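Just so you know, these numbers come straight off a predicted model, no measurement behind them. Protein chains get the first letters and strands the later ones, always in sequence-line order, with residue 1 at the start of each.
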There are 2 protein chains.
Amino acid sequence: MWYSVSFTTRCERGQIVEVCWSERYARRTHRMAGSAIRELLKITEKPGFISFAGGLPAPELFPVEQVAAVGQRILTEAGRVALQYSATEGYRPLRECIAQRLRTDGVAAGIDHVLITTGSQQGLDLVGKILVDPGDVVVVESPTYLAALQAWNAYEAKFVGVASDECGMDVGGLERVVEREPKMIYCQPNFQNPSGVTLARERRVRLLEFSYHHGIPVVEDDPYHELRFEGDDLPGLMALEASRGTQEEQYDGNIISLGTFSKVLAPGLRVGWVIAAPTVIAQLTLAKQGTDLHTSTFDQMIAYELLDSGFLEGHKQSIVQTYRERRDAMLDALADCFPHDARWTRPEGGMFLWVELPESIDTGDLLLRAMEQQVAFVPGAAFHVDGTGHNTMRLNFSNSTPERIRDGISRLARELHRMA
Amino acid sequence: MWYSVSFTTRCERGQIVEVCWSERYARRTHRMAGSAIRELLKITEKPGFISFAGGLPAPELFPVEQVAAVGQRILTEAGRVALQYSATEGYRPLRECIAQRLRTDGVAAGIDHVLITTGSQQGLDLVGKILVDPGDVVVVESPTYLAALQAWNAYEAKFVGVASDECGMDVGGLERVVEREPKMIYCQPNFQNPSGVTLARERRVRLLEFSYHHGIPVVEDDPYHELRFEGDDLPGLMALEASRGTQEEQYDGNIISLGTFSKVLAPGLRVGWVIAAPTVIAQLTLAKQGTDLHTSTFDQMIAYELLDSGFLEGHKQSIVQTYRERRDAMLDALADCFPHDARWTRPEGGMFLWVELPESIDTGDLLLRAMEQQVAFVPGAAFHVDGTGHNTMRLNFSNSTPERIRDGISRLARELHRMA
């Protein structure tokens, strides 16, 4: 047992005894040591701090009054349902609503294709629980979403990164990892966290083909797709599959798709979903039963009412408008202040953009200097599974006003020039 | 790979390929096949059915108006906080409130001893995640809580049952399992689910001594302790430890204690907690981060307001009064109708009682007959880890009126007499 923590130090007869953590868990926590972002967030919550580090939606856009109104109505009309235990699969009308949206996209789906989760983070956890054995290879984009790594570290996944560029994951690179027999491929197709890039349509097609040719499921994690500022929506992987006319009576394919209400409604309610073939959903449901029984009934009903009434469809427009202004403010500020040899992405939506600095700059060092100037971001190395990315960083633009964005970027630029 | 499910059946070139579940997970789902209670519940939701099978609180007692009022106030005064992401550890004032209650019991605890969970089922899951390696032995009461088995099956625990009687777990029996090097001992000390029995005070002391002598943590799962109908409260394990005066400046002992708002407020909100030494809480917090980031901020704030205002303290009296009447109705009906060679427990609180029938009766068979008479219960075998208990059953009394309890018990008795 190479790692143990005593949490038993006294007993009646004075012995010192030790209780050991799960060996597997110790390996995992070791690997996820730091948990960089959330620890950082705690410091940056101080007033005066300009933080591009978190991934927080703009709270001033939360539809507080609408949540209050539907919450009130739900409790008045169906309080005993809203406060009672409910089915592990989720609130039936909500599942039906999500399935209906899928059918609009041409996917032959019903409620058996939908599981409601406690945020889409739980979707990641449950997928790990049913699919990942210790040592299994999971293919991720490089850079990739940190909390997916954290979720699957708990099941001792081995990660293999595939490079991405301005068109998203280099799908051609997947052929080079086939021999490692990956258990699944993880991908954020729209305005990816952390890079902000979107997977191009032709790459989506090739990803699907790769998945079917090799029988490897794709976990399509799509929290941001409704936050598109410009350009045309691209079809999700299931819709793309449907459009190729190869579907059976009901969807029974390779894609496991995760969604959430965190970006268009409110993350504090912790309501997300998984869409997949019914056999997969049945396994995920069994796993969820042992994990938290079900997601808050009340919160699911709130999400359903606001989705079903069409409110969210209109509401997201105001989010898109605000985030677009903030992205533009950040792009302008970067162009104005940052060194000429820095490069950054130009996201068509979402909440983040990605900066690549000259090789000589370590963004870990930059962060230490920036923190003294009351500015924070997340150094890019954490998002890479191969130890690269020391000169990259993730910047969040959704949670700061244009003024603060300009101020923060200029402070960062000042430190960068000092380091040069 | 001894278990595989195809969920990939077509591809561009017509191959049939198969994707396999996690091998470990397949073993686990195999073991938890059936998931008896929740499947049963679905059938018994039909109107006209009298169900003693579920574990549902009485929804007519939910404080719907109070939840609506505080929900409204929270959104008005702090909507942007209530709907935003929040700390994995939980809502700070709620943690403080729970720590304060512990201090009242003499336990030297602060907020670092408290983690808020998505119902106490999540507490079970997280404990499994950080402590259980495949093959680790977990000692449970026999009979024990089904969903704990389900949670830890996912981590491939091996269960060893210790018999219990009307005074709870036979703590003396623990000595016989020491050689199997158990990783932890699981216990519901008050009005246990399924048996309804309470662990006697002297056994609590011996359980503590055993835990310290052998360095084995105890998971004290205590969802029902506020639902006491009669008799004096018994101290929880941490309080008992404190009363012995062996405590350090802050609690750093062997007990991991789980609690929930599901029984005194509302289960639909999914708010529970874990109390343990800060080193244990730190590990559980890391595990929770990857699992669902945090518990619904809004629901935590609702629970906090109703706890802090003292409302729940008064409210639980009306729950206790109603459940006491229902327990009495069930005890009376059993005495009136059941065969003279049946025995049952007389719970001093909680939601369940336990019946032992003559050896010749298989409660699985009885259930089939009962279902035809529109009555349901849970056969006891599922609660045993050793294949015993075929002649036992769990009866829930919290979710039926006295009239329906009398009616249901008399229907059950009729079937029993027919089987005799």
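- For the set B:L61, B:T291, B:T117, the count of heavy-atom pairs under 4.5 angstrom toward chain A peaks at B:T291.
- B:R80 and A:F62 get closest at one heavy-atom pair: O-CE1, 3.6 Å.
- Here the shortest heavy-atom pairing between B:Q150 and A:L286 reads NE2-O, 3.7 Å.
- One N or O on the side chain of B:R270 and one on the backbone of A:D292 form a donor-acceptor pair closer than 3.5 Å.
- Across all their heavy atoms, B:Q84 and A:P267 have their closest contact at OE1-CG, 3.3 Å.
- No more than 12 heavy atoms of other residues, nucleotides or ligands shown are found within 6.0 angstrom of CD on A:E181.
- Across all their heavy atoms, B:S296 and A:D299 have their closest contact at OG-OD2, 2.6 Å.
- To the nearest 0.5 Å, atom CD of residue A:Q122 and atom OG1 of residue B:T118 are 7.5 Å apart.
- Between chain B and the options A:L126, A:L208, A:V271, A:L269, the largest number of non-hydrogen pairs under 4.5 Å is found for A:L269.
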**OP:** Begin with the C-alpha distance, continue with both residues' side-chain angles, and end with the deciding distance and a verdict on side chain to side chain contact (heavy atoms under 4.5 Å, CB included) for A:D125 and B:K129.
**Re:** CA-CA 12 Å; A:D125 178 55; B:K129 215 168 202 172; 2.7 Å; yes
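- Taking both residues in full, the closest heavy atoms of B:G290 and A:A151 are given as O-CB, 3.6 Å, listed atom of the first, atom of the second, then distance.
- Closest approach of A:A68 to B:L75, counting heavy atoms only: CA-CD1, 3.4 Å.
- Of the listed residues (B:A82, B:G79, B:P57, B:A147), the one with the most heavy-atom contacts under 4.5 Å to chain A is B:P57.
- Contacts between B:S262 and chain A at a heavy-atom distance below 4.5 Å involve the side chain alone, from C-beta outward.
- Residue B:E65: no heavy atom, backbone or side chain, is found under 4.5 Å from chain A.
- In terms of heavy-atom pairs under 4.5 Å with chain A, the best-connected choice from B:I302, B:L83, B:V81 is B:L83.
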